[in-house]
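Per chain, numbering begins at 1; letters A, B, ... match sequence-line order. Hydrogens, waters and symmetry mates play no part in the numbers below; they use all other heavy atoms, side chains included. Because the structure is predicted, anything quoted here is derived from the model rather than measured.
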2 protein chains.
Amino acid sequence: MLYKKSKQRDRILELLKTTGSHPSADWLYEKLKAEFPRLSMGTIYRNLSILEKQGLVKKIDFGSTYDRFEANITPHYHFICEVCGAIKDLELPVEYQLEKKVEEETHMTVHKHRIEFFGICNACMAKKGS
Amino acid sequence: MLYKKSKQRDRILELLKTTGSHPSADWLYEKLKAEFPRLSMGTIYRNLSILEKQGLVKKIDFGSTYDRFEANITPHYHFICEVCGAIKDLELPVEYQLEKKVEEETHMTVHKHRIEFFGICNACMAKKGS
DNA sequence: TTTATATTAGTAATTGTTCCGAATATTGTT
DNA sequence: AACAATATTCGGAACAATTACTAATATAAA
Ligand SMILES: [Mn+2]
Ligand SMILES: [Mn+2]
Ligand SMILES: [Zn+2]
Ligand SMILES: [Zn+2]
């Protein structure tokens with residue numbers, strides 16, 4: 001797919017580059033609707049997705065579109081399969097000193113942290129090979 | 001609030017305890033609807049939320065209910081304020097050797113990882129104090 | 001058994017996101 | 001400059017996950 005230029009897309013990227021915050025689609029829409037009175041949310045989402053494909057923008061989400069639950073309440077990290085969405089518990093030791101480091105760096109209070117590793121699980125790797 | 005017992009809630013917790021997967025609300029519903037023919041999704045969600053308040057279940061989500069975007073494409077970690085939802089970039093060095101460790105432990109392919117720290121930002125801390 | 005209230009089923013409402021078709025803008029070609 | 005090809009836009013409908021509401025039911029205590 002070839003990309004033609006679009007004033008809307010340019011401005012979305014510009015806004016994202018100049019803001020330190022990590023805005024939502026709606027925030028971008030509100031900021032730009034004065035400039036483009038007929039702007040629509042579809043345009044925001046479509047261009048964000050194009051910019052992401054171009055590697056110019058990153059989306060921060062959970063990967064999954066729905067919440068997931070577990071009864072394993074002991075602290076642990078997760079591996080998430082990018083193909084099938086499976087989530088696996090890891091045995092990797094939980095590194096609480098990271099929280100200390102962040103508190104020193106930012107002088108903010110840290111209550112907890114979370115690490116997720118993304119990749120391809122064994123089952124999906126096997127299928128892919130076949 | 002006092003909790004009365006409920007067969008539905010007991011079974012939801014039991015299912016979560018015996019499955020290694022990290023199910024969605026819908027997965028639980030599908031598993032239990034034979035047992036409770038009049039089960040509804042509202043019951044699933046309400047009980048998951050009660051079990052979470054009781055500390056018996058953890059919800060895996062992104063914190064935010066909507067996607068957020070950024071143009072900072074250099075690898076970095078995030079601090080997320082539990083009060084106002086602000087996301088801040090951290091300077092903490094990115095530790096790629098963690099990915100190696102996970103690959104050794106699981107024999108799966110790791111493409112990337114993400115770390116989020118949750119706590120209270122300076123602005124919210126100041127407000128709280130006042 | 002009576003009373004109080006937490007829980008349920010069922011459905012409606014809400015929210016964030018994606019999808020669609022007709023009109024418009026951009027780009028390359030004559 | 002005019003034309004053709006097609007990417008992009010707007011606007012609204014469709015969608016999916018979650019939450020909210022209400023009357024009926026289940027639970028616990030008196
Ligand atoms: Mn887990
Ligand atoms: Mn960031
Ligand atoms: Zn997989
Ligand atoms: Zn805050």
Asks: Would you kindly give the CD-to-P distance between A:Glu52 and C:dT17, to the nearest whole Å?
Replies: 12 Å
Asks: Rounded off to whole Å, could you give me the OH-to-C1' distance for the B:Tyr66 and D:dA17 pair?
Replies: 17 Å
Asks: Could you give the CE-to-P distance, from B:Met41 to C:dT7, as a whole number of Å?
Replies: 19 Å
Asks: From NZ of B:Lys5 over to P of C:dT7, roughly how many Å is that when rounded to an integer?
Replies: 13 Å
Asks: Could you state whether B:Trp27 and A:Ile87 fall into the same hydrophobic cluster, counting links through intermediate Ile, Leu, Val, Met, Phe, Trp or Tyr residues with side-chain heavy atoms under 4.5 angstrom apart?
Replies: no
Asks: Classify A:Met1 by what it touches in the nucleic acid, base, sugar-phosphate, or nothing, heavy-atom distance under 4.0 Å.
Replies: sugar-phosphate
Asks: As a test of understanding, state which of B:His22, B:Lys59, B:Lys17 forms a side chain to side chain donor-acceptor pair (under 3.5 Å) with A:Glu70.
Replies: B:His22
Asks: Assess whether one donor atom and one acceptor atom, taken from the side chain of B:Lys4 and the base of C:dT5, lie less than 3.5 Å apart.
Replies: yes
Asks: Closer than 4.0 Å, any side-chain N/O of A:Arg46 to the OP1 or OP2 of D:dT8?
Replies: no
Asks: Thinking salt bridges, do B:Arg11 and B:Glu14 make one under a 4.0 Å N-O criterion?
Replies: yes
Asks: Please determine if a side-chain N or O atom of A:Gln8 lies less than 4.0 Å away from the OP1 or OP2 oxygen of D:dT9.
Replies: yes
Asks: By nearest atom, which of the nucleotides D:dG11, C:dT17, C:dT7 is closest to the B:Ile50 side chain?
Replies: C:dT7
Asks: Rounded to the nearest Å, what distance is computed from the CD atom of residue B:Gln54 to the C1' atom of nucleotide C:dA6?
Replies: 12 Å
Asks: With nearest nucleotides of DNA chain C determined for B:Asn47 and B:Arg68 from heavy-atom distances, which residue corresponds to the more 5′ nucleotide?
Replies: B:Asn47
Asks: Sub-3.5 Å donor-acceptor pair from the side chain of B:Gln8 to the main-chain atoms of B:Thr43, do we have one?
Replies: no
Asks: Taking OP1 and OP2 of D:dA16, is either one under 4.0 Å from a side-chain nitrogen or oxygen of A:Thr65?
Replies: no
Asks: Between C:dG16 atom P and A:Trp27 atom CH2, what is the distance in whole Å?
Replies: 17 Å
Asks: Could you tell me the separation between the CD1 atom of A:Ile60 and the P atom of C:dT17, rounded to a whole number of Å?
Replies: 13 Å
Asks: Within this structure, what is the CD1-to-C1' distance between B:Ile12 and C:dT7, rounded to whole angstrom?
Replies: 12 Å
Asks: What nucleotide among C:dA9, C:dT17, C:dT7 has an atom nearest to a side-chain atom of A:Ala25?
Replies: C:dT17
Asks: Would you say a side-chain N or O of B:Arg38 is under 4.0 Å from OP1 or OP2 of C:dG10?
Replies: yes
Asks: Does B:Lys7 put a side-chain nitrogen or oxygen below 4.0 Å from OP1 or OP2 of D:dT27?
Replies: yes
Asks: Identify, between B:Ser6 and A:Leu39, the residue whose nearest nucleotide on DNA chain D lies closer to the 5' end.
Replies: A:Leu39
Asks: Within the structure provided, determine whether B:Glu116 and B:Phe62 are in side-chain contact (heavy-atom separation under 4.5 Å).
Replies: yes
